[in-house]
Amino acid sequence: MSAIPAHWIPHRREDGEVIGWIDLESQAPDLIPVDRLGRSLTAVSDWVAAEEALEEHGLRFLMNRFQYDGHTVRIRHLYDDRIIVTTAVTDAIGDVGDEFVLPFPAGSELTEILS
């Protein structure tokens, strides 16, 4: 499983939750805001703009549906080294679904379904 690169600096909400990272090296001198799934956002030229991009992007998108390997899935658990998705529509006890463990960062095989 992948790990978070050392040149990604975590950005946290006021409650301490990591909402993404700021990549200091990949496109230096520009900075790359990176969302909680490890996907790059648009490059920016300064730290404040990177923080603002992450704040605006937030974590709401994690509640969306995604497409993975021909299945509609949602994020069940998110860790710094893996992402667990499920075909279960709800968290109800009887709605088990299939789970898939994906490496972090999310690759192109996990795509967000835009409404």
Side-chain angles (χ1 to χ4, degrees):
M1 300 270 170
S2 297
I4 296 170
H7 62 275
W8 286 15
I9 306 302
H11 177 67
R12 300 175 187 277
R13 296 189 304 207
E14 289 181 10
D15 65 2
E17 177 81 17
V18 172
I19 62 170
W21 297 268
I22 299 173
D23 177 346
L24 300 175
E25 293 181 7
S26 295
Q27 290 188 19
D30 287 340
L31 305 174
I32 306 295
V34 178
D35 76 8
R36 194 58 184 88
L37 290 177
R39 302 176 301 180
S40 297
L41 305 178
T42 303
V44 296
S45 60
D46 65 69
W47 190 266
V48 172
E51 290 180 323
E52 288 172 350
L54 288 170
E55 292 289 334
E56 184 177 317
H57 191 67
L59 296 175
R60 290 177 304 280
F61 72 94
L62 294 175
M63 295 176 18
N64 293 343
R65 301 282 187 246
F66 294 80
Q67 193 71 31
Y68 171 73
D69 195 32
H71 302 278
T72 298
V73 297
R74 65 185 181 89
I75 306 293
R76 172 146 293 162
H77 300 289
L78 184 57
Y79 303 98
D80 290 349
D81 64 347
R82 67 193 181 284
I83 302 161
I84 301 173
V85 298
T86 180
T87 59
V89 178
T90 68
D91 282 325
I93 292 173
D95 192 4
V96 179
D98 293 321
E99 284 190 353
F100 303 96
V101 179
L102 310 175
F104 177 90
S108 60
E109 66 273 358
L110 182 67
T111 57
E112 194 169 351
I113 298 172
L114 303 174
S115 304

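Since the model is a prediction, treat every value here as computed from it, not as a measurement.
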On a heavy-atom basis, which atom in [X] and which in [Y] lie closest, and how many Å separate them?
X	Y	result
P33	A53	CG-CB, 3.9 Å
I19	L54	CD1-O, 3.6 Å
R76	A88	NH2-CB, 3.7 Å

Do [X] and [Y] have side chains that get closer than 4.5 Å, going by heavy atoms?
X	Y	value
L110	V73	yes
L78	L37	yes
E25	W8	no
L114	F61	no
E112	R39	yes
I75	I83	yes
L102	F66	no
E109	Y68	yes

Enter the distance from [X]:[atom1] to [Y]:[atom2] here, rounded to the nearest 0.5 Å.
X	Y	atom1	atom2	result
W21	I9	CH2	CD1	12.0 Å
L31	W47	CG	CH2	7.0 Å
L41	D35	CG	CG	5.5 Å
L59	E17	CG	CD	6.0 Å
H57	E52	NE2	CD	15.5 Å

Apply side chain to side chain contact (heavy atoms under 4.5 Å, CB included) to residues E55 and H11 and explain how you reach the verdict. CA-CA 9 Å; E55 292 289 334; H11 177 67; 2.7 Å; yes

Between Y79 and F104, ring centroids under 6.0 Å: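 Centroid distance Y79-F104: not below 6.0 Å, so no.
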
Residues R74, V85; criterion side chain to side chain contact (heavy atoms under 4.5 Å, CB included); working and verdict: CA-CA 5 Å; R74 65 185 181 89; V85 298; over 6 Å; no

Flag the pair E51 and R12 as a salt bridge only when some basic side-chain nitrogen lies within less than 4.0 angstrom of an acidic carboxylate oxygen. no

Step by step, work out the side chain to side chain contact (heavy atoms under 4.5 Å, CB included) result for H7 and D23. CA-CA 6 Å; H7 62 275; D23 177 346; 2.9 Å; yes

Backbone of D98 reached by a side-chain donor or acceptor of T87 within 3.5 Å: yes

